[in-house]
Amino acid sequence: MRFFLAFDASRLPDEEAQVLVCGSGIAGLSTAIYLKELGLNPVILTRGIGNTYYSQGGIAAAVQPYDSPHLHYCDTVRAGRFLNDEEKTRLLAYEGPMRIADLVRWGVEFDREGGEFLTTVEGGHSRARVLRAKDFTGREISTKLFRRLEELGVPVVFGELQEVFTEDGRVAGVLYAQEGTLKVVRTSHVVLASGGAASMYLYTSNPKKVRGDGIGLAFRSGASVKNPEFVQFHPTVLRETGLLISEAVRGEGAVLINDRGERFVDELLPRDEVARAIYRQMKQGRRVFLDLRPLIKKGIKLEERFPTSTAYVRESGYEPTVEPVPVSPAAHYYIGGVEVDDRGRSSIEGFYAVGESACTGVHGANRLASNSLLEGVVFAHRLAYQIYLEYRKPPGKLKFRNDAGGSSGPSFTLGELKKLMWEKAGLERDEEGLAEAQRRITRWLKEARGWARTPENRQMYDILLVALCTVLGARARKESRGVHYRTDYPHEREVFRRDTVIAPEYLQELF
């Protein structure tokens, strides 16, 4: 269905924006700042703090004299199992240092010593190239970018995107909800920066307000979804919480052991390999722990180097200086997303995506640690300049309406969907489980025709669409590559070294 909610746009409060940026992580905030610096007047629509704020590890870029963008590019492609879009990956690596300069220009303070950046190594990197602000890098970036927005006078509206309006294949505006009221924004340029969809799994590191429905909304509005089968699981989330322990902890020397005290994996392997190693230990009935005591032997003070992780651990009742900390994998980063080009343009004219809600192809089959924040700012810069070049004034009064709808609610809960995705489309997958997941998700989507047209039900519907795309991609990829692991096809197959694209026309076939 094109629209989910029942509405009459001509009767709703009407606003105008030159550019509407939906989301307030590093990608959305950077986009808005670049647009404002170029002379346009963007508006940010957000439902609250997103993933960037909670990012601990850092942002990767070749800023050191012993490093180079070429090495960064090679590491990224190697981690991505050679599925990366090579052109866009080069853009990421070579433009990265310049975008770090922009962040510093906007007030972000990375750790330094003697005026030089302090960098650390993380899994998959051949050089210490991860810039950080202790272990609250995301908070430092978010805080300083919001401050820069305030200085520039960019308005921030708290609300939730509900519908995208298009006329003749081009964006005309959006419908959003604010405190129970539906409102219309007329605009010719919409930027989706609402984050990924890892929260549709039972165990996740994502905050509750990052729900993944933005990608589903884009899909039913006419945008294609690319490589949705690739979901990265963070290896070390504090067990029975959503609190991740920074990958930089392992980069500095923390080790993984099981309840027998056995070290069972190289902690600096790419995340998918470390996460599956832990998952297999757990399937064998073993408990897994992260031992931070080797850091203390190296003279590292946990409270100074990792204040956020140390505080999380102690608040949960563990003392990392004297005992190992229990950990487990959790869905962390959605590598797939809205298919875009190197300037953020989707298959809908005037509709762009950036950050985790987009799939540029730079991560391939497995995101290299700390590349996501860099991707957000690199492609925000390119996207903003593209909008500046093709800018169009907002359209006039909008007359879109939708009267369809029912009165029932979902026959399942979000918890049931999350459990289904964890068990059937999680760290390990097979045809039987994926087919079962597709049957159940398809049944729920067909049932949605009778749902009441509420924002809550709209959100559930769009999350279901992302889940369906994820399962379809996983069924189509009959191999194991990067974070996508199928027990019935455990090896990479050259014939599948290609992208998966789910076109919105599939919905017409479904219904």
Side-chain angles (χ1 to χ4, degrees), residues 1-24 27-28 31-32 35-36 38 40-47 154-194 213-224 338 340 343-354 357-358 383-384 386-405 453-455 458-459 461-462 465 504 507:
M1 60 187 79
R2 182 185 178 193
F3 297 127
F4 184 92
L5 293 185
F7 63 89
D8 184 344
S10 65
R11 296 176 177 272
L12 293 172
D14 182 271
E15 306 162 19
E16 180 179 294
Q18 287 189 335
V19 184
L20 185 69
V21 180
C22 303
S24 57
T31 298
L35 287 166
K36 188 67 175 180
L38 286 167
L40 293 176
N41 294 309
V43 175
I44 288 183
L45 176 67
T46 180
R47 53 188 171 197
V154 175
V156 178
V157 176
F158 288 91
E160 187 166 4
L161 182 66
Q162 303 291 326
E163 305 285 358
V164 175
F165 302 136
T166 58
E167 266 183 338
D168 300 322
R170 182 175 183 90
V171 163
V174 306
L175 183 75
Y176 76 96
Q178 185 181 61
E179 298 180 348
T181 301
L182 294 178
K183 298 182 178 182
V184 171
V185 177
R186 292 178 290 107
T187 182
S188 298
H189 304 274
V190 172
V191 179
L192 184 71
S194 58
D213 54 305
I215 298 172
L217 193 159
F219 180 61
R220 68 177 167 88
S221 299
S224 298
V338 177
V340 296
R343 283 162 283 178
R345 295 177 292 188
S346 76
S347 50
I348 305 170
E349 191 176 356
F351 187 86
Y352 314 81
V354 66
S357 58
L383 185 160
Q386 182 61 37
I387 292 177
Y388 178 77
L389 289 172
E390 64 182 31
Y391 173 72
R392 288 190 185 185
K393 292 181 179 180
K397 193 74 175 177
L398 301 180
K399 299 180 180 180
F400 297 95
R401 61 179 294 158
N402 186 43
D403 299 318
R453 289 334 202 205
T454 65
R458 189 283 310 164
Q459 185 181 109
Y461 184 78
D462 287 331
L465 288 177
L507 287 179

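Remark: T454 engages A452, E456, N457 in a side-chain contact (heavy atoms from CB on, under 4.5 Å) (not counting sequence neighbours). R47 is linked by a salt bridge (Lys or Arg N to Asp or Glu O under 4.0 Å) to E160, D213, counting only residues two or more places apart in sequence or in another chain. Remark: R345 engages D341 in a side-chain hydrogen bond (donor to acceptor under 3.5 Å, both in side chains) (not counting sequence neighbours). Annotation: side-chain contact (heavy atoms from CB on, under 4.5 Å) contacts of L38 (sequence neighbours excluded): A384, Y385, Y388. Every side-chain contact (heavy atoms from CB on, under 4.5 Å) that S224 has, sequence neighbours left out, goes to E339, S347, V501, A503, P504. With sequence neighbours excluded, the residues that form a side-chain contact (heavy atoms from CB on, under 4.5 Å) with S194 are L192, S357. With sequence neighbours excluded, the residues forming a salt bridge (Lys or Arg N to Asp or Glu O under 4.0 Å) with D403 are R401, listed by chain and number. Take S24 and apply the side-chain hydrogen bond (donor to acceptor under 3.5 Å, both in side chains) test, not counting sequence neighbours, and it matches T46. For F7, the ring-ring contact (aromatic ring centres under 6.0 Å, His included) partners at least two apart in sequence or on another chain are F3, F165.
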For side chain to side chain contact (heavy atoms under 4.5 Å, CB included), just list the numbers for I215 and F219, CA-CA rounded to whole Å, side-chain angles, deciding distance to a tenth of an Å, and then say yes or no. CA-CA 6 Å; I215 298 172; F219 180 61; 5.6 Å; no

Show, in sequence, the C-alpha distance, side-chain angles and deciding distance for K36 and N41, and conclude whether the side chain to side chain contact (heavy atoms under 4.5 Å, CB included) test is met. CA-CA 6 Å; K36 188 67 175 180; N41 294 309; 2.8 Å; yes

With side chain to side chain contact (heavy atoms under 4.5 Å, CB included) as the criterion, how do L12 and L175 come out once you've worked through the C-alpha distance, each side chain's angles and the decisive distance to 0.1 Å? CA-CA 9 Å; L12 293 172; L175 183 75; 3.4 Å; yes

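The shortest side-chain heavy-atom distance between I44 and P42 does not fall under the 4.5 Å cut-off. Residues T166 and S221 have side chains not in contact (no heavy-atom distance under 4.5 Å, counting atoms from C-beta outward). Residues I387 and V191 have side chains in contact (heavy-atom distance under 4.5 Å, counting atoms from C-beta outward). Within the 4.5 Å cutoff, the side chain of Y461 has heavy atoms near those of the R220 side chain.
Of all heavy-atom pairs between L5 and P455, the closest is CD2-N, 3.7 Å. Listed here is the closest heavy atom pair of L161 and L45: N-CD2, 4.0 Å. Minimum interatomic distance between A353 and L383 (heavy atoms only, all atoms of both residues): O-CD1, 4.0 Å. For R2 against F400, the heavy-atom pair with the smallest separation is NH2-CE2, 3.8 Å. Annotation for A223 and I348: closest pair N-CD1, 3.6 Å, computed over non-hydrogen atoms. When all heavy atoms are compared, the tightest approach of Q178 to V157 is NE2-CG1, 3.5 Å.
Not a single donor-acceptor pair under 3.5 Å links the side chain of Q162 to the backbone N or O of R458. The backbone N or O of G173 lies less than 3.5 Å from no partner atom in the side chain of R186, so there is not a single donor-acceptor pair.
Residue pairs meeting the salt bridge (Lys or Arg N to Asp or Glu O under 4.0 Å) criterion with at least one member in residues 388-400, sequence neighbours excluded, are E349-R392. Judged as a salt bridge (Lys or Arg N to Asp or Glu O under 4.0 Å), not a single pair has a partner in residues 174-185 (not counting sequence neighbours).
Here the CD atom belonging to Q18 is positioned 3.5 Å from the OH atom belonging to Y391, to the nearest 0.5 angstrom.
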